[in-house]
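This report concerns only the one structure given below.
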Amino acid sequence: MHLLLAEDEQSAGEYLVKGLTENGFVVDWVQDGVDAVLQAQTVAYDLIVLDVGLPGLDGWSVLKRIRQTRPTPVLFLTARDRVEDRVHGLELGADDYLVKPYAFSELLARVRVLLRRGKPQELDLLTLADLEVHLLRRRVERAGQRIDLTAKEYALLLLFLRRQGEVLSRTLIAEQVWDMNFDSDTNVVEVAIRRLRGKIDEPFDTPLIHTVRGFGYVMELRA
Ligand code: CA
């Protein structure tokens, strides 16, 4: 099992690399948020252990960017036992967390649980009806036809597919895909969704993206 560890503290990082290696894991260690994103986008890790307080790019931003392209399980480490931090991490798509200081045995146990939970087929394929996204190849197909998307359209599609059946507000979409703030102009979201619909819905019989008036959008197969 190949893990990415993003932890800026030297002694904590060395300790974790040693402990995880002794338990049979192959560990890549980075100490900076920018490196963490690069590594996570380059290598198909089985799991990422992510410290929230990182230089370069904080752990939340790292998590958001990883989630735009990959469903790799993420265990985050937070120094503060604040409920809002834990909720925020889980909302951004993390799978579990530990509050520092933690016992190594607990970290190891949680890593093992997450790895067992991860279903291998989900690491490469997201589907809805006849729409398929092959994550490792970044290939999108509908009814067997290849569809070319821009990077933003692709990120938008992954967000919809991972949260299919869930109504997503324009604000949430703007935050997740564009890293934009709450009060930003969400017109950009509407434009991108129109383009995405033009590619994945309009050429086909059954629309998958639906507008929920006054709130946002949902991706689902409707009878
Ligand atoms: Ca730190």
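Basis for what follows: all heavy atoms, side chains included, without hydrogens, waters or symmetry-related copies. Start at 1 and go down the list; that is how both ligands and their atoms are numbered.
Screening Leu47, Ile48, Val52 for a side-chain contact (heavy atoms from CB on, under 4.5 Å) with Leu50, the sole residue that qualifies is Ile48.
Counted by atom type alone, Glu9 and Gln31 present zero donor-acceptor pairs between their side chains at under 3.5 Å.
A salt bridge links Glu190 and Arg170; the closest N-O separation between the charged side-chain nitrogens and carboxylate oxygens is under 4.0 Å.
Counting heavy-atom neighbours within 6.0 Å of Tyr15 OH, excluding the residue itself, gives a total of 12 or less.
Only protein N, O or S atoms were scored, and 3 of them lie under 3.0 Å from the Ca ion (ligand 1).
Atom CG of Leu125 sits about 5.5 Å away from atom CD of Glu132, to the nearest 0.5 Å.
In this structure, the ring-ring contact (aromatic ring centres under 6.0 Å, His included) partners of Trp60, at least two apart in sequence or on a different chain, are Phe76, His88.
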